[in-house]
Peer 1: 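First, the structure itself, so that you have it in front of you.
Computed over heavy atoms, backbone and side chain alike; hydrogens, waters and symmetry mates excluded. Small disclaimer: the values here were computed from a predicted structure and weren't measured. For reference, positions follow the sequence shown, starting with 1.
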Amino acid sequence: MKITGSEAVIKSLLEEGVDVAFGYPGGSIMPVYDAIYKYQKELKHVLVRHEQGAVHAAEGYAAATGKVGVCIATSGPGALNLMTGIADAMMDSIPLVAITGQVAEPLVGTDAFQEADVIGVTTPITKWNHQVTRAVDIPHTIAIAFHIARTGRPGPVVVDITKNAMFETTEFSYNKQVNVRGFKPNTDPNPHQIRLAAELINNAKAPLMLVGHGVTLAQAEKELLAFAEKAQIPAASTLLGLSAFPVDHPLYAGFLGMHGNYAPNMLTNQADVIIAVGMRFDDRVTGRLADYAKQAKIIHIDIDPAELNKNVKAEILIVADAKLALQELTTKTKKATRPEWLAQFAKFHKEEKKQIIDPETKPAKGAITMAEIIDTISRETRGDAVVVTDVGQNQMKSARYYRFKKNRSFISSGGAGTMGFGLPAAIGAKFGQPDREVIAVSGDGGFQMTIQELGTVMQENLPVKMVIMNNHYLGMVRQWQELFFDKRYSAVDIGQPDFVAVAKAYKISGEEVTKRSQLKEAITRMLQYQGPYLLNIFVEREENVFPMIPTGAAVDEIRLK
């Protein structure tokens, strides 16, 4: 039996195991939505309030589950509203398939109503994109899209479908096993490189492991832990590597980078061997490249060969799946003890705890701090929640003070640093992990960027917990203006609505917190509430995030104040 191209789209998604898609209808994609109506029992469609919300929700779903996230938009402005999220997914290696409607093939290139060159626009920010003009090509194209999105280093793919292809009929058959010429990523580690790496590690006196997002993407958390424990190597995490290594483990060295922990940043330039797993030596991690780990021999494990020697030159390059590489490396590595090296981490951590961590999480007076909010949430959830952040000070405080016990527990916009990411990504994460507590942490600036997605929370009655750390500033920009622009606070004092009243207008419960004495009880009420809940917590207006590596400084020039 022949079916329409639009029905072939939905049947293809179902063949790929897709159970939820996030989107917004419009003229050119309307035939696909007609097919969704027919298959609404098999495919849950979540109607967002803006296409940016759809793509961030798909990212959140993918990050929480490891599956491919799916978003749908119409042509022209609908498709263009996906661009920020697609670029975000590309930077952070999030598997994503975006399906966009396009004007009918005869109108392509004529500046027709709601036409945009989606293929041209998305070429630099996708792993692959393709425009489909015939119904018969839809199933195979979608199979290729999912294969490329999830295989090797994950990333976003765009399938742009002309309206005539949606109306045409075709015989439907689907084959998930596709052969994409030129796309055959290597996953098996080179045995010779593994032997060389093991030899370096076995002779090391002060090794340090850098844990990146690639560990989570490869589902290599157990292998990572086994390797670290056998070789007794301290493990420090990048921003998106958080929750891949348990923070309460004695080998956990802390959070790397500009606002990371004191110990791993200071000791990066004292390590003799650095093992980088699934990370890309981002500038937020390396600081001044000219002075980054010059004394260390670097072993870099990554499935994407383009990342090797891109920013930091490595002694040993291992192009492979992180899980397989760590398995092989563990078999070749000797058991070790490194009490003196580990003691140095403990010494620096003690200093940071005294100067920063204790004063921020247990302040004796003054306004509520962002750190004590996250510390309290961490204690009340026992480290078991999925924390989805926006971008800025709220993001850094969450990364520093939530004590993650499970993997896939920290979801944030890393490479792109997209404000407005938090709320819609938390929606996607909750659909992906309905049995886990999902907490969206935002600043008052970022929350207003996608505040309309409260409508999605309302319509789905989705029990997402939302925490706004409200300082009436664009906090991270203000911090930089304080430190580097002589306190010239330009365009950062942001006005705001009554967030609790706005939530109430969307039939969402919530409350304001203005005093420290209210904090713990309010968080408890939020967590115990059965539906969505919003806390608007007023914090110290000019609280900063320290430690901090100033721009252009080396990692061991990190400042505690």
Peer 1: Is a side-chain donor or acceptor of Asn269 paired with a backbone partner of Ala293 at a separation under 3.5 angstrom?
Peer 2: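 Judged by distance alone, yes, a pair lies under 3.5 Å.
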
Peer 1: Going by the rule salt bridge (Lys or Arg N to Asp or Glu O under 4.0 Å), which residues pair with Asp375 if we only count those two or more places apart in sequence or in a different chain?
Peer 2: Arg379, Arg403

Peer 1: Going by heavy atoms in the side chains, are Gln102 and Ser28 under 4.5 Å from each other?
Peer 2: no

Peer 1: Answer yes or no: are there more than 12 heavy-atom neighbours, outside Tyr24 itself, under 6.0 Å from its atom OH?
Peer 2: no

Peer 1: What pair of heavy atoms forms the shortest contact from Leu82 to Ala73, and how long is it?
Peer 2: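 Between these two residues, the closest heavy atoms are CD1-CB, 3.7 Å.
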
Peer 1: For Phe255, enumerate each residue passing the ring pair (Phe, Tyr, Trp, His ring centres under 6.0 Å) test, keeping only those at least two apart in sequence or located in another chain.
Peer 2: none

Peer 1: Report the C-alpha distance between Met476 and Met396 in whole Å, list the side-chain angles of each, state the deciding distance to 0.1 Å, and finish with yes or no for side chain to side chain contact (heavy atoms under 4.5 Å, CB included).
Peer 2: CA-CA 10 Å; Met476 189 61 84; Met396 293 297 106; 3.8 Å; yes

Peer 1: When you measure from the side chain of His56 to the backbone of Pro424, do you find a donor-acceptor pair of N or O atoms at a distance under 3.5 Å?
Peer 2: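 No, the answer is negative, given that no donor and acceptor are paired below the 3.5 Å cut-off.
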
Peer 1: Testing the basics here: between Val441 and Ser398, what is the closest heavy-atom pair and its distance to 0.1 Å?
Peer 2: CG1-OG, 3.6 Å

Peer 1: Suppose we screen for salt bridge (Lys or Arg N to Asp or Glu O under 4.0 Å). Which residues come up paired with Lys507, at least two apart in sequence or across chains?
Peer 2: none

Peer 1: Counting C-beta onward and ignoring hydrogens, is there a side-chain heavy-atom pair between Val500 and Lys504 closer than 4.5 Å?
Peer 2: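 When only atoms from C-beta onward are counted, Lys504 and Val500 do not touch, as no gap falls below 4.5 Å.
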
Peer 1: Output yes when Lys44 and Glu460 qualify as a salt bridge under the 4.0 Å nitrogen-oxygen rule, no when they do not.
Peer 2: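 Counted as a salt bridge, because a side-chain N and a carboxylate O are separated by less than 4.0 Å.
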
Peer 1: Distance alone, cut at 3.5 Å: any donor-acceptor contact between the side chains of Tyr489 and Glu542?
Peer 2: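 Side-chain D/A pair, Tyr489 to Glu542: present.
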
Peer 1: What residues, two or more places apart in sequence or in another chain, satisfy ring pair (Phe, Tyr, Trp, His ring centres under 6.0 Å) together with His50?
Peer 2: none

Peer 1: Who passes ring pair (Phe, Tyr, Trp, His ring centres under 6.0 Å) against Phe245, sequence neighbours left out?
Peer 2: His249

Peer 1: Would you give the length of the straight line joining atom CZ of Arg150 to atom NZ of Lys67, rounded to the nearest 0.5 angstrom?
Peer 2: 10.5 Å

Peer 1: About how many Å separate CD of Glu372 and CD of Glu360, when rounded to the nearest 0.5 Å?
Peer 2: 10.0 Å

Peer 1: For Lys310, is there an ion pair with Glu307 - N to carboxylate O distance below 4.0 angstrom?
Peer 2: yes

Peer 1: Got Lys487 and Arg478 here, is their nearest side-chain heavy-atom distance under 4.5 Å?
Peer 2: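 Not in contact.
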
Peer 1: I need the full list of ring pair (Phe, Tyr, Trp, His ring centres under 6.0 Å) pairs touching residues 508-548, with sequence neighbours left out, sorted by first then second residue.
Peer 2: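 Passing the test, one end in residues 508-548: His472-Phe538, Tyr529-Tyr533.
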
Peer 1: Using the side chain to side chain contact (heavy atoms under 4.5 Å, CB included) criterion, which residues pair with Val467? Sequence neighbours excluded.
Peer 2: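 With neighbours one apart ignored, the set is Ile373, Ile377, Ile439, Met469, Met526, Ile537.
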
Peer 1: Output yes when a side-chain donor or acceptor of Glu557 lies under 3.5 Å from a complementary backbone atom of Ile549, and no otherwise.
Peer 2: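 Pair absent, no side-chain N/O of Glu557 close to backbone of Ile549.
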
Peer 1: Only counting residues at least two apart or in another chain, list the ones meeting side chain to side chain contact (heavy atoms under 4.5 Å, CB included) with Lys350.
Peer 2: none

Peer 1: My understanding is that only residues two or more places apart in sequence, or in another chain, count here; which of them pass ring pair (Phe, Tyr, Trp, His ring centres under 6.0 Å) with Phe404?
Peer 2: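 If we apply the ring pair (Phe, Tyr, Trp, His ring centres under 6.0 Å) test to Phe404, skipping adjacent residues, the hits are Tyr402, Phe410.
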
Peer 1: If you measure from CZ on Arg382 to CD on Glu380, what distance do you get to the nearest 0.5 Å?
Peer 2: 8.0 Å

Peer 1: My understanding is that only one of Val457, Ile451, Thr456 makes a side chain to side chain contact (heavy atoms under 4.5 Å, CB included) with Glu453; could you say which?
Peer 2: Thr456

Peer 1: Any side-chain to backbone donor/acceptor pair from Ser378 onto Ile374? Under 3.5 Å, distance only.
Peer 2: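 Pair absent, no side-chain N/O of Ser378 close to backbone of Ile374.
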
Peer 1: Among all residues two or more places apart in sequence or in another chain, which pass the salt bridge (Lys or Arg N to Asp or Glu O under 4.0 Å) test with Glu115?
Peer 2: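 Partners of Glu115 under the salt bridge (Lys or Arg N to Asp or Glu O under 4.0 Å) test: none.
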
Peer 1: Would you say Asn265's side chain and Gly257's backbone share a donor-acceptor pair under 3.5 angstrom?
Peer 2: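 Present.
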
Peer 1: Mind checking salt bridge (Lys or Arg N to Asp or Glu O under 4.0 Å) for Asp493 and listing every partner two or more places apart, or none if nothing turns up?
Peer 2: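 Result, salt bridge (Lys or Arg N to Asp or Glu O under 4.0 Å) vs Asp493: Arg541.
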
Peer 1: Which value, rounded to the nearest 0.5 Å, describes the distance between Thr381 atom OG1 and Lys405 atom NZ?
Peer 2: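 Thr381 OG1 to Lys405 NZ: 9.0 Å, rounded to 0.5 Å.
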
Peer 1: What I want to find out is whether Arg408 reaches Glu221 closely enough, with some N-O distance under 4.0 Å, to be called a salt bridge.
Peer 2: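 Result for this pair is no, no salt bridge flagged.
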
Peer 1: Is there a donor-acceptor pair closer than 3.5 Å between any side-chain N or O of Thr450 and the backbone N or O of Gly420?
Peer 2: yes

Peer 1: Using only atom types and a distance under 3.5 Å, with no angle test, would you say the side chain of Asp92 pairs donor to acceptor with the backbone of Gly414?
Peer 2: yes

Peer 1: Would you say the ring centroid of His45 lies under 6.0 angstrom from that of Phe22?
Peer 2: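 Distance test on ring centres: not under 6.0 Å, no.
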
Peer 1: Looking at every heavy atom in both Ala554 and Asp291, which two are closest together, and how far apart are they?
Peer 2: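 Residues Ala554 and Asp291, closest heavy atoms: CB-CB, 4.0 Å.
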
Peer 1: Answer yes or no: are there more than 12 heavy-atom neighbours, outside Phe485 itself, under 6.0 Å from its atom CZ?
Peer 2: no

Peer 1: Do NZ/NE/NH1/NH2 and the carboxylate oxygens of Arg284 and Asp282 come within less than 4.0 Å?
Peer 2: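 No.
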
Peer 1: Between Tyr61 and Phe431, is the ring centre distance below 6.0 Å?
Peer 2: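 Ring centroids of Tyr61 and Phe431 are no less than 6.0 Å from each other.
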
Peer 1: Counting N and O atoms only, with roles assigned by atom type, does the side chain of Thr122 sit under 3.5 Å from a partner on the main chain of Ile125, one being a donor and the other an acceptor?
Peer 2: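 No; zero donor-acceptor contacts below 3.5 Å.
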
Peer 1: Without swapping roles, check the side chain of Asp390 against the backbone of Gly422 for a donor-acceptor pair under 3.5 Å.
Peer 2: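 Checked: pair present.
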
Peer 1: Any sub-3.5 Å donor-acceptor pair from Lys353's side-chain atoms to Phe348's backbone N or O?
Peer 2: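 Checking the backbone N and O of Phe348 against the side chain of Lys353, no donor-acceptor pair under 3.5 Å is found.
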
Peer 1: Applying side chain to side chain contact (heavy atoms under 4.5 Å, CB included), can you list everything that pairs with Pro497, at least two apart in sequence or on another chain?
Peer 2: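 Applying side chain to side chain contact (heavy atoms under 4.5 Å, CB included) to Pro497 gives Gln448, Phe499, Val502.
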
Peer 1: Go through the side-chain N and O atoms of Tyr252 and Asn261 and say whether any donor and acceptor fall under 3.5 Å apart.
Peer 2: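 No, no side-chain donor-acceptor contact under 3.5 Å.
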
